[in-house]
Amino acid sequence: MAKSFRGGVHPDDRKRYTAAKPIEVAPIPQKVIIPTRQHIGAPCAPIVKVGDLVKKGQVIAEAQAFVASPIHASTSGKVVEIAEYPHPVFGTCQAVVIEGDGQDEWVPGLPLNRDWQSMEVKELKEIVRLAGLVGMGGATFPTHVKMSPPPEKPIDSFILNGAECEPYLTADHRVMLEQTERIVTGMKIAMKIIGVSKGYVGIEENKPDAIEIMRKACAGSSIEIVPLKTKYPQGAEKTLIKVILDREVPSGGLPMDVGAVVQNVGTLVAIADAVEKGLPLIERVATVTGGAIAEPKNVLLRVGATFSQAVAMCGGFKEQPVKVIMGGPMMGMAQQTLDVPVIKGTSGILALSAADVNIGPEQPCIRCGRCVDACPMGLVPSMLSILGERGAFAKAKEEYSLLDCVECGSCVYVCPAKRNIVHYIKLSKAQNAAAAAAQKK
């Protein structure tokens, strides 16, 4: 019997548009716009200048803090500009612009051919750091940080998040089908780095082909395939840990507090490529879909390619979209322009038609309690939205566990008053963080 959790919602997953479509490789962009901020943590600093000639895989921006991840050139060519450009998450951000030379040449020496089983843990971890790996499910937490828990927090379980519970998105599904062995290799490397012998792969039941192929690939190993009930947000870290391990991450805590580390499908492929081949993270699979897209596809895109280039590869728009989102419709980021670049966390590009959305005026909360029933974290989203709307940010944090919200959007999905609940929660979190920073200063 598939495992599940309290709360959650059941939106139409709309994965039928791309679930059966193999990954296509996008053409090499003539120009790439590579932001120096593509992860949670400190931004990177450019180490190239205008006029420099660079090769694919060359470091162009270095991390200046532990919670950061270096940035690499995604094609060979000439640095033509270092300036502020639109960013899909931060509005604008410094970016290194490379005009491709059409050769797409790797840095000399790449790719490599290494045997990870003969390598020491310290060396493996350093390779992951230098390759610029981050969580590719959308959160973009630097992978080497996540895989470096402090000694006082021993880890005994590794979980591969293959749930891909967001509607529309099928990139992870296709990667599980098409790059199965790379995933298993990446998982074994990750388990060696962390020092655990037991691994789990959580996959929703709406991907029976992925469950079967992963089960065959992991047969005879210490990796267990766990079918999960199809329900959103089944793929949230804390939810996965509760469902698979029956452990509850404490309020304000992290997965490492209950002995677990969770990684995304794409991240494990990137780990295998970095360790065995020496390849940095310069491309990723994303789903380009939605009612406004002429030919929805799963596409392997270079970091720095623009959303407009990705949409063009999918036949352009068959009608004008009313909203464009990076990621899925529940947790994704709405975009103002298609001139933003693909970053390491771009799991999808979603162009919604008028028929795809249910937009209406926001109304006062009617205290119906639907958001409370839907919240997988056991919070009271209605109160969090009211407090955020009224500016009572500290009260939301201190009395209503604001920081435990994973911003999944289940509350917004069920709200009959069309309250912008997650927006108020994000505002409250930002204001509390600003107040804490000001107090510290």
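Between the CG atom of N206 and the OG1 atom of T230 there is a distance of 4.0 Å, given to the nearest 0.5 Å. Distance CG/L130 to NZ/K125: 13.5 Å, rounded to 0.5 Å. The distance from the OG atom of S74 to the CD1 atom of I98 is 6.0 Å, given to the nearest 0.5 Å. For the atom pair CG (N161) and CE (M136), the distance works out to 13.5 Å, reported to the nearest 0.5 Å. Distance check, rounded to the nearest 0.5 Å: CD of E224 to SG of C218 gives 10.5 Å. One distance of note links CD of E166 with CG of D172; it measures 11.5 Å at 0.5 Å rounding.
In this structure, the side chains of K207 and L177 stay at 4.5 Å or more apart for every pair of heavy atoms. For the pair V48/Q58, a side-chain contact is recorded, criterion being any heavy-atom separation below 4.5 Å from C-beta on. Counting heavy atoms from C-beta on, the side chains of I343 and F90 never come closer than 4.5 Å. Within the 4.5 Å cutoff, no side-chain heavy atoms of P86 are placed close to those of Q336. Counting only heavy atoms from C-beta outward, the side chains of W116 and T185 approach each other to under 4.5 Å. Proximity of Q94 to I82: side-chain heavy atoms (C-beta onward) are separated by under 4.5 Å at one or more points. For the pair C44 and H39, the minimum side-chain heavy-atom distance is below 4.5 Å. In this structure, the side chains of M377 and S401 stay at 4.5 Å or more apart for every pair of heavy atoms.
Exactly one residue among R390, E362, R419 makes a side-chain hydrogen bond (donor to acceptor under 3.5 Å, both in side chains) with S385. That residue is R419.
Side-chain atoms of N264 never come within 3.5 Å of backbone atoms of G162 as a donor-acceptor pair (strictly under, hydrogens ignored). Between the side chain of R6 and the main chain of C375, a donor-acceptor pair closer than 3.5 Å is present. No donor-acceptor pair under 3.5 Å is formed between the side chain of T92 and the backbone N or O of E84. The backbone N or O of P167 lies less than 3.5 Å from no partner atom in the side chain of Y232, so there is not a single donor-acceptor pair. Between the side chain of E407 and the main chain of K426, no donor-acceptor pair closer than 3.5 Å is present. In terms of modelled atom types and a separation under 3.5 Å, the side chain of E164 and the main chain of H173 share a donor-acceptor contact. Side chain of S428 to main chain of Y424: a donor-acceptor pair is present (N/O by atom type, distance under 3.5 Å, no hydrogens or angles). Using a distance-only test at 3.5 Å, with no hydrogens or angles considered, a donor-acceptor pair links the side chain of T287 to the main chain of A171. One N or O on the side chain of Q38 and one on the backbone of P35 form a donor-acceptor pair closer than 3.5 Å. When atom types are taken as modelled, the side chain of R174 and the backbone of A19 share a donor-acceptor pair closer than 3.5 angstrom.
For the residue pair T18/T170, the side-chain donor-acceptor check at 3.5 Å is satisfied.
Judged by a 6.0 Å distance limit and a 45° cone about the ring axis, K397 is not positioned over the six-membered ring of F393.
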Next on the checklist: Test side-chain contact (heavy atoms from CB on, under 4.5 Å) on V311 and F317; report intermediate values, then the result.
Outcome noted: CA-CA 7 Å; V311 170; F317 295 130; 3.8 Å; yes
Checklist entry - What's the verdict on side-chain contact (heavy atoms from CB on, under 4.5 Å) for N432 and L403, showing C-alpha distance, side-chain angles and the deciding distance? => result CA-CA 10 Å; N432 275 290; L403 300 184; 5.7 Å; no
Item to check | Worked verdict on L240 versus L228 for side-chain contact (heavy atoms from CB on, under 4.5 Å) | outcome: CA-CA 9 Å; L240 271 180; L228 306 170; 3.5 Å; yes
Next on the checklist: Would I203 and M214 count as a side-chain contact (heavy atoms from CB on, under 4.5 Å) here? Give the steps.
Outcome noted: CA-CA 9 Å; I203 307 175; M214 288 297 296; 4.0 Å; yes
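Applying the ring pair (Phe, Tyr, Trp, His ring centres under 6.0 Å) rule to H144 yields the partners F66; only residues at least two apart in sequence or on another chain are considered. For E24, the side-chain hydrogen bond (donor to acceptor under 3.5 Å, both in side chains) test picks out K297, with sequence neighbours left out.
Closest heavy-atom contact between L379 and P381: O-CD, 3.2 Å. Taking all atoms of both residues into account, the shortest heavy-atom contact from C165 to K231 is CB-O, 4.2 Å. Counting all heavy atoms, side chain and backbone alike, V121 lies closest to I193 at CG1-O, 3.5 Å. Heavy-atom minimum distance, E205 versus K229: OE1-CA, 4.2 Å. The minimum heavy-atom distance linking L281 with L133 is given by the pair CB-CD2, 3.7 Å. Nearest heavy atom pair, residue G328 against residue L350, reads C-CD2, 4.1 Å.
Counting non-hydrogen atoms of other residues, nucleotides and ligands closer than 6.0 Å to CZ of R16 gives a total above 12. Annotation for K192: atom NZ counts as buried by contact number, over 12 foreign heavy atoms lying within 6.0 Å. The 12-atom threshold is exceeded at CZ of R182, counting heavy atoms of other residues, nucleotides or ligands nearer than 6.0 Å.
Checked for salt-bridge contact, R302 and E283 meet the test: a charged N lies under 4.0 Å from a carboxylate O. Between E237 and K146, at least one side-chain nitrogen of the basic residue sits less than 4.0 Å from a carboxylate oxygen of the acidic one, meeting the salt-bridge criterion.
Legend: side chain to side chain donor-acceptor pair (under 3.5 Å) pairs involving residues 344-354, not counting sequence neighbours, sorted by first then second residue: S353-D356.
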